[in-house]
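First the structure, in the form of structure tokens, and then the observations on it.
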Amino acid sequence: MKGQLEITIVNSGSDGNSTLIRDVDTQKVLVMDVGVHAPPGLKYEDVVGVCITHCHNDHIRYIHEYRTKTIFGTHEELTNNKVLRKFEMYADDPDLYTLPNDMITEECLECRVGPFTIKTIPANHDTDAPVHFIVSNGTTSFFYGCDSSVYDTESPTWDAICACDAIMVDCNYSEHSMLTDDGVKQAYSDELKKRIMSSGHASNEYIRKTFDKVVDKMILGHLSINYNTTFKTRYIFSGTKAKVVDRRECPIKFKIGKKHVH
């Protein structure tokens with residue numbers, strides 16, 4: 001079927017995040033976050049760009065592997081010292097690997113690269129200027145949301161998110177587990193719990209309620225090793241067609257088109 005996108009979740013979790021968006025017709029690839037190595041089989045010449053949501057290490061750790069590609073994000077995030085050091089520490093001459101001049105420098109700005117249109121959406125996370133992305137090939141659209149504690153359903157961008165053919169967001173923790181420490185592998189400090197619940201990540205329950213009207217086209221990732229399980233997430237989303245990403249099964253591929261994710 002023409003116009004499809006192939007989504008490959010290379011990894012999704014605190015140990016590293018990266019997702020590939022491949023235009024099936026042209027085979028060109030847009031990389032979303034680079035918290036893990038480029039996967040085997042990915043042809044460097046097929047990559048038309050890299051989108052960075054924010055500068056936490058589990059999203060930028062391997063940015064140097066794409067240092068000749070255009071990097072998209074917000075100026076505040078991409079000029080963060082953490083990002084710059086990722087280039088410099090792997091360069092014989094750091095001046096050769098400065099960030100490209102044509103990166104996105106404003107939130108919610110649209111641009112084109114290869115067969116893709118990229119639109120940035122402001123995110124709610126504890127970095128300088130984090131964003132999500134809507135990526136479209138003109139026929140099929142995909143929302144990549146990573147590390148956001150809340151979504152503004154009154155924002156003008158909310159309808160654009162919901163209109164996408166597939167929506168990937170985090171279901172980081174179970175509220176019951178976070179509040180009670182019941183069944184957790186390693187308990188967090190009260191300070192870390194507060195950070196996660198206030199400005200870090202979203203819960204299974206919050207995502208289920210917030211995205212209720214579009215739940216059947218959702219892909220759910222970034223499950224906490226300590227405060228969530230695939231069982232808990234699937235229970236909250238039982239009776240829906242939402243896909244839950246089990247990091248132990250990554251890389252995971254989906255093909256998306258109008259009205260379906262498979």
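If you're wondering where the values come from, they're calculated on a predicted model, not measured in any experiment.
Take Asp58 and apply the salt bridge (Lys or Arg N to Asp or Glu O under 4.0 Å) test, not counting sequence neighbours, and it matches no residue. By the salt bridge (Lys or Arg N to Asp or Glu O under 4.0 Å) test, Asp126 pairs with Arg195, sequence neighbours left out. Taking the salt bridge (Lys or Arg N to Asp or Glu O under 4.0 Å) definition, one finds that Arg234 meets it with nothing, sequence neighbours left out. The salt bridge (Lys or Arg N to Asp or Glu O under 4.0 Å) test applied to Glu175 returns no partner, not counting sequence neighbours. Ala187 pairs by the side chain to side chain contact (heavy atoms under 4.5 Å, CB included) definition with Asp181, Val184, Tyr227, not counting sequence neighbours. For Tyr144, the ring pair (Phe, Tyr, Trp, His ring centres under 6.0 Å) test picks out no residue, with sequence neighbours left out. Evaluation of the ring pair (Phe, Tyr, Trp, His ring centres under 6.0 Å) rule for His176 yields no partner, not counting sequence neighbours. Scored by the side chain to side chain contact (heavy atoms under 4.5 Å, CB included) test, Val36 finds Val10, Asn11, Ser18 as partners (sequence neighbours excluded). The side chain to side chain contact (heavy atoms under 4.5 Å, CB included) search around Asp246 returns Thr230, Arg248, Glu249, not counting sequence neighbours.
A distance-only check finds no donor-acceptor pair linking the side chain of Glu6 to the backbone of Lys255 [under 3.5 Å]. No donor-acceptor pair closer than 3.5 Å links the side chain of Asn17 to the backbone N or O of His59. Under a 3.5 Å cut-off, the side chain of Glu65 and the backbone N or O of Ala38 do form a donor-acceptor pair. Under a 3.5 Å cut-off, the side chain of Ser177 and the backbone N or O of Asn228 do not form any donor-acceptor pair. Side chain of Asp23 to main chain of Phe116: no donor-acceptor pair is present (N/O by atom type, distance under 3.5 Å, no hydrogens or angles). With Gln27 contributing its side chain and Arg22 its backbone, the two residues share no donor-acceptor pair below 3.5 Å. A side-chain donor-acceptor contact under 3.5 Å links Lys69 to the backbone of Val47. Without hydrogens or angle criteria, Lys193 side chain to Met178 main chain gives a donor-acceptor distance under 3.5 Å. Ser155 places no side-chain N or O within 3.5 Å of a backbone atom of Asp152 that could act as its donor or acceptor partner. Within the 3.5 Å criterion, the main-chain N or O of Thr229 finds a donor-acceptor partner in the side chain of Thr233.
In the hydrophobic cluster analysis, where Ile, Leu, Val, Met, Phe, Trp and Tyr join through side-chain heavy atoms closer than 4.5 angstrom, Tyr173 is grouped apart from Ile219. If you chain together hydrophobic residues whose side chains sit under 4.5 Å apart, Tyr235 and Val244 fall into the same group. In this structure, Val150 is a member of the same hydrophobic cluster as Ile161, with clusters built from ILVMFWY side-chain heavy atoms closer than 4.5 Å.
Contact record, Val215 with Ala242: O-CB, 3.6 Å, taken as the closest heavy-atom pair. Here the closest non-hydrogen pair linking Gly114 and Val48 is CA-CG1, 4.3 Å. Residues Arg61 and Gly35 approach most closely at NH1-O, 2.9 Å, considering heavy atoms. In terms of heavy-atom proximity, Asn137 sits nearest to Gly3 at ND2-O, 3.0 Å. Shown here for Ser141 and Ala163, the closest heavy-atom pair between the two residues is OG-O, 4.2 Å. Here the closest non-hydrogen pair linking Asn204 and Cys171 is OD1-CB, 3.2 Å.
Here CD1 of Ile225 is found 10.0 Å from CD of Gln186. Values are rounded to the nearest 0.5 Å. Note: Leu20 CG to Ile7 CD1 = 9.0 Å, rounded to the nearest 0.5 Å. Met168 contributes atom CE, which lies 13.5 Å from atom CZ of Phe133 (distance to the nearest 0.5 angstrom). Taking CD1 of Ile52 as the reference point, atom CD1 of Ile60 lies at 7.5 Å (rounded to 0.5 Å). Atoms CD1 and CD1, on Ile252 and Ile9 in that order, are 5.5 Å from each other to the nearest 0.5 Å. Distance CG/Asp147 to CG/Asn124: 11.0 Å, rounded to 0.5 Å.
Among the candidates Val24, Thr139, Asp25, Ile256, the single residue satisfying the side-chain contact (heavy atoms from CB on, under 4.5 Å) test with Gln4 is Val24.
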Checking Ile134 against Cys164 for the side-chain contact (heavy atoms from CB on, under 4.5 Å) test, could you report, in this order, the C-alpha distance in whole Å, the side-chain angles of both residues, the deciding distance, and whether it holds? CA-CA 8 Å; Ile134 291 178; Cys164 289; 3.8 Å; yes

Given side-chain contact (heavy atoms from CB on, under 4.5 Å), test Val113 with Thr70 step by step and report yes or no. CA-CA 9 Å; Val113 58; Thr70 301; 5.7 Å; no

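For residues 194-216, every residue pair satisfying the ring pair (Phe, Tyr, Trp, His ring centres under 6.0 Å) rule, not counting sequence neighbours, is listed here: His125-His201, Tyr151-Phe211, Trp158-Phe211, His201-His222. Applying the salt bridge (charged side-chain N to carboxylate O under 4.0 Å, His left out) rule to pairs touching residues 199-210 yields Arg208-Asp212, sequence neighbours excluded. The stretch residues 24-45 participates, sequence neighbours left out, in these ring pair (Phe, Tyr, Trp, His ring centres under 6.0 Å) pairs: His37-Tyr62.
A heavy-atom distance below 4.5 Å is found between the side chains of Val245 and Cys250. Considering only heavy atoms from C-beta on, Val169 stays 4.5 Å or farther from His132 through its side chain. In this structure the side chain of Ile207 reaches within 4.5 angstrom of the side chain of Met218, judged on heavy atoms.
Between the side chains of Glu77 and Thr127, a donor-acceptor pair is found at a separation under 3.5 Å. Judged by distance alone, the side chains of Thr140 and Asp165 never bring a donor and an acceptor atom under 3.5 Å apart.
More than 12 heavy atoms of other shown residues, nucleotides or ligands fall within 6.0 angstrom of atom CD in Glu45.
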